[in-house]
Asker: 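The structure is given below, and queries will be raised subsequently.
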Amino acid sequence: QQQVKQSPQSLIVQKGGISIINCAYENTAFDYFPWYQQFPGKGPALLIAIRPDVSEKKEGRFTISFNKSAKQFSLHIMDSQPGDSATYFCAASGSGNTGKLIFGQGTTLQVKP
Amino acid sequence: GAVVSQHPSRVICKSGTSVKIECRSLDFQATTMFWYRQFPKQSLMLMATSNEGSKATYEQGVEKDKFLINHASLTLSTLTVTSAHPEDSSFYICSARAPGNIQYFGAGTRLSVL
C-alpha cells in the first residue's frame with residue numbers, strides 16, 4: 001500500500017517533443033505528490049508538485065496531471081530539450097506519516113538533439 | 001527553492017574509520033530531516049528520519065549503531081558512518097522538511113571506503 005509505481009524506466013525523446021512519465025499509487029492517505037529531477041552525482045531537485053485538490057498544475061514547460069479516482073499522476077515535459085536529460089522521480093507523502101516521501105523507481109530521460 | 005547544504009560532497013576513507021556528514025537547512029528551520037542512501041541507477045532508499053531534539057527513527061534493516069544520526073539544532077543534522085567498510089561505499093543524501101511538508105534535498109555525499 002505504500003508503493004509508488006513509476007513508468008517507463010527509461011525514455012528517449014527527440015528535441016522539441018513531449019516527454020511523459022507516469023506514476024500510480026495505492027495509499028489514498030497520500031496528499032502531496034512532488035516530482036524531482038536528478039542529474040548524475042547530484043541530489044534531487046524539486047521540480048513541481050501537486051496536491052489532490054487540483055487536477056493539473058503547470059509551471060513553464062512542466063505539467064503535472066493528477067487523476068484522484070484512478071490514483072495516478074503524470075509529468076509532462078513540453079518542448080523537451082537536451083538539458084532536460086536526467087533521472088526523474090515521482091514521490092508521494094501523507095501528512096500522517098511524518099512526511100516521509102515514498103519514491104517511484106525513477107525514469108531516465110534522454111533528449112536527443 | 002529553499003537551500004539545503006550538505007558537506008562534504010565527496011569523502012574517501014580507510015576501512016575502519018568513521019565519517020561524519022553534515023546537512024544544514026540554510027533558510028528555514030527543519031524539525032525533521034531525512035537521510036537517504038542511493039545505489040547506482042536506483043531510487044532513493046530512506047535510511048532514517050531525524051527529529052530535532054529526539055532520537056532518530058530508523059527504517060527496517062538499517063543499523064542504528066552503524067549510522068549514527070544527531071539533530072541537535074533546527075538547522076543541522078549529522079550522519080556518522082561508524083567503522084566504515086567497503087560495503088558502506090555509496091551516495092548519501094539528506095533532505096530537510098520545510099513548511100507545507102515540502103522536502104528539499106542536499107547535493108549528496110559520495111563515500112568511498114578503501
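Naming convention: chains lettered A, B, ... in sequence-line order (proteins, then strands); numbering from 1 in each chain.
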Asker: Identify the heavy atoms of A:G104 and B:S43 that sit nearest to each other, and give their distance.
Answerer: O-OG, 2.7 Å

Asker: Would you compute the distance between atom CG of A:L101 and atom CG of B:L46 and round it to the nearest 0.5 angstrom?
Answerer: 9.0 Å

Asker: Please list every donor-acceptor pair under 3.5 Å in which a side-chain atom of residues 43-59 of chain A meets a protein atom from a residue at least two apart or in another chain.
Answerer:
{"unit_1": "A:R51", "atom_1": "NH2", "unit_2": "B:G100", "atom_2": "O", "d": "2.4"}
{"unit_1": "A:K57", "atom_1": "NZ", "unit_2": "A:A49", "atom_2": "O", "d": "3.1"}

Asker: Just how far is it from atom CZ of A:F89 to atom CD of B:Q38, taken to the nearest 0.5 Å?
Answerer: 5.0 Å

Asker: Can you confirm whether A:Y32 sits close enough to B:I102 that some side-chain heavy atom of one is under 4.5 Å from a side-chain heavy atom of the other?
Answerer: yes

Asker: Using a 6.0 Å cut-off, check whether atom NZ of B:K41 has over 12 heavy atoms from anything other than its own residue.
Answerer: no

Asker: Is chain A contacted by the side chain of B:Q6, its backbone, both, or neither, given a heavy-atom distance below 4.5 Å?
Answerer: neither

Asker: Quick one: do B:V113 and B:W35 end up in the same hydrophobic cluster if we chain Ile, Leu, Val, Met, Phe, Trp and Tyr together by side-chain heavy atoms under 4.5 Å apart?
Answerer: yes

Asker: Do B:Y58 and B:M45 belong to the same hydrophobic cluster, where Ile, Leu, Val, Met, Phe, Trp and Tyr are linked whenever their side-chain heavy atoms lie under 4.5 Å apart, directly or via other members?
Answerer: no

Asker: With rounding to the nearest 0.5 Å, note down the distance linking NZ in A:K100 to CD in B:Q103.
Answerer: 11.0 Å

Asker: Using side-chain heavy atoms (C-beta onward) and a distance below 4.5 Å, is B:I93 in contact with A:Q38?
Answerer: yes

Asker: Sub-4.5 Å heavy-atom contacts with chain B: which residues of residues 66-79 of chain A show up?
Answerer: none

Asker: Within a radius of less than 6.0 Å around CD of A:Q9, do more than 12 heavy atoms belonging to other residues, nucleotides or ligands occur?
Answerer: no

Asker: Could you see if A:Y88 belongs to whatever hydrophobic cluster contains A:V4? Use Ile, Leu, Val, Met, Phe, Trp, Tyr and a side-chain cutoff under 4.5 Å.
Answerer: yes

Asker: Between A:P34, A:G106, A:A91, A:G41, who has the most heavy-atom pairs with chain B when the cutoff is under 4.5 Å?
Answerer: A:G41

Asker: Indicate if A:W35 and A:V13 have the same hydrophobic cluster label, given that clusters are the connected sets of ILVMFWY residues with side-chain heavy-atom separations under 4.5 angstrom.
Answerer: yes

Asker: Are A:I64 and A:F62 linked, directly or through intermediate hydrophobic residues, by side-chain heavy-atom contacts shorter than 4.5 Å (ILVMFWY only)?
Answerer: yes

